Amino acid sequence: MRLRFTLCLVLLLAIPVPLFAAVQDETDVDIQVREIAKTLRCTVCQTENIWESGAPLAQQMRGVIRDRIALGHSTEEIRAYFLSRYGDYILMEPPKHGVNWLIWVAPFLLLLVGGFFLYKEVTHWVRDTPTPPSQPEPPLDDQARKRIERELES
Amino acid sequence: MSKGWQLTLVLILLGLFALFYQGLWGDPRHIPTVLIGTEAPNFEGPDVETGQSISLAQFKGKVVLLNFWASWCYECKVEHESILQLHQHFKDNPDFVMLGVNYQDKLPDAQQYLQQYGTTFSHVRDLKGQLAIDYGVYGVPETFVIDQQGKIRHKWVGPITGEVYNNITQKVIAPLLKAQPATTKS
């Protein structure tokens, strides 16, 4: 029991204190900044959102989000502001309208179409593959019969 | 599977590959701006050289060319001569104003840059990057043309040189200046 307690204590102490501090120090505003920043694309690095990007522009965008939260703007208002400046490109998740539907629907459509063709092809192969005529089991020769009997007796 | 279906499938796949290729490796400069035809956001900031406040509202009723630049930007140096030439071309027209916007830069570096390469027009500092974000700027250099009604009429990402220079002077700024010759003072 004492050993288990000591082990738990050692494990707890091994966890870096700043990890806890970072979580505890995060205010509601920080959480809101993070949630909004994660949905916006870093325009100079393309594949990253502005929360994860270290680019100066992403840093300034995070600052703008914070300022707007301080002014009382809602999450949707802040996202709409960035959208009005950069267009759909700024959103990590393309909005579901117009040609953007293609992005959402295409993978499933391809799966369906691919699955259909695969099914057609497989059934085609199965139908066309000639099945070998059933043949009777060949009778055991004397030598094999004797070997099996010998092995069973031993 | 019939030949027709096979061909259709190959064409669909090729089309999707082309889309993904464009998305992954396409030039972000070709992303269309949503700001054309919209109201140019007002701004106010200190002049790089004098520290005096400059705002867009001061130039209401004029054609304004905004050029975003930075001292660390190589392409800004490439276009600098053309930018000065462009100002030289239109500076005598009372309806034309040219403003530089110094972006993500240190003040001494920006001042040193202007001393070294020369300037004939004012430059405003974008202190927190707010101005650049208001204009949907991706990087520098970027150039905007704002008409007399305060609407953004043109945006170009990249240096204003060669054909781009000819296009912006002859097909964008000159027609705008001809459209409303009378100066509207605020």
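Predicted model, so just to flag it, every value in this text is computed and none were measured. In what follows, chains carry the letters A, B, and so on, assigned in the order in which the sequence lines appear, proteins first and then strands, with residues in each chain numbered from 1.
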Inset, instruction - Flag yes if B/Val124 and B/Val48 sit in one hydrophobic cluster, no otherwise; membership is Ile, Leu, Val, Met, Phe, Trp, Tyr, and two members link when side-chain heavy atoms are under 4.5 Å apart. - result: no
Legend entry - Separation of B/Tyr138 OH from A/Tyr89 OH (nearest 0.5 Å): 6.5 Å
Legend entry - Which atoms of A/Asp67 approach chain B - backbone, side chain, both or neither, heavy atom under 4.5 Å: side chain
Inset, instruction - For B/Glu39, look at atom CD and say whether over 12 heavy atoms of other residues, nucleotides or ligands are found less than 6.0 Å away. - result: yes
Legend entry - Residue A/Leu83 versus chain B: region with a heavy atom under 4.5 Å: backbone
Inset, instruction - State the OH-CG distance between A/Tyr81 and B/Asp134, to the nearest 0.5 angstrom. - result: 3.5 Å
Inset, instruction - Find out if a path of hydrophobic residues (ILVMFWY) with successive side-chain heavy-atom gaps under 4.5 Å connects B/Phe121 to B/Leu177. - result: yes
Legend entry - Linked, directly or transitively: A/Trp51 and A/Val29 (ILVMFWY side chains, under 4.5 Å): yes
Inset, instruction - Could you tell me whether B/Gln52 atom CD has more than 12 heavy atoms of other residues or ligands within 6.0 Å of it? - result: no
Inset, instruction - Using non-hydrogen atoms and a 4.5 Å limit, figure out which bit of B/Ile133 sits close to chain A: side chain, backbone, both or neither. - result: both
Inset, instruction - Looking only at non-hydrogen atoms, find the nearest pair between A/Gln60 and B/Lys128 and report the distance. - result: CG-O, 3.5 Å
Legend entry - CG on A/Leu57 to OH on B/Tyr103, rounded to 0.5 Å: 4.0 Å
Inset, instruction - Kindly work out whether a path of hydrophobic side-chain contacts (I/L/V/M/F/W/Y, heavy atoms less than 4.5 Å apart) joins B/Trp69 to B/Tyr135. - result: no
Inset, instruction - Go through B/Ala132, B/Gly136, B/Gly129 and name the one with the most non-hydrogen pairs under 4.5 angstrom from chain A. - result: B/Gly136
Inset, instruction - Just give me the residue among A/Gly63, A/Pro56, A/Ala106 that pairs up with chain B most often, heavy atom to heavy atom, under 4.5 Å. - result: A/Pro56
Legend entry - Cluster check B/Ile54, B/Leu107: I/L/V/M/F/W/Y, side chain < 4.5 angstrom: no
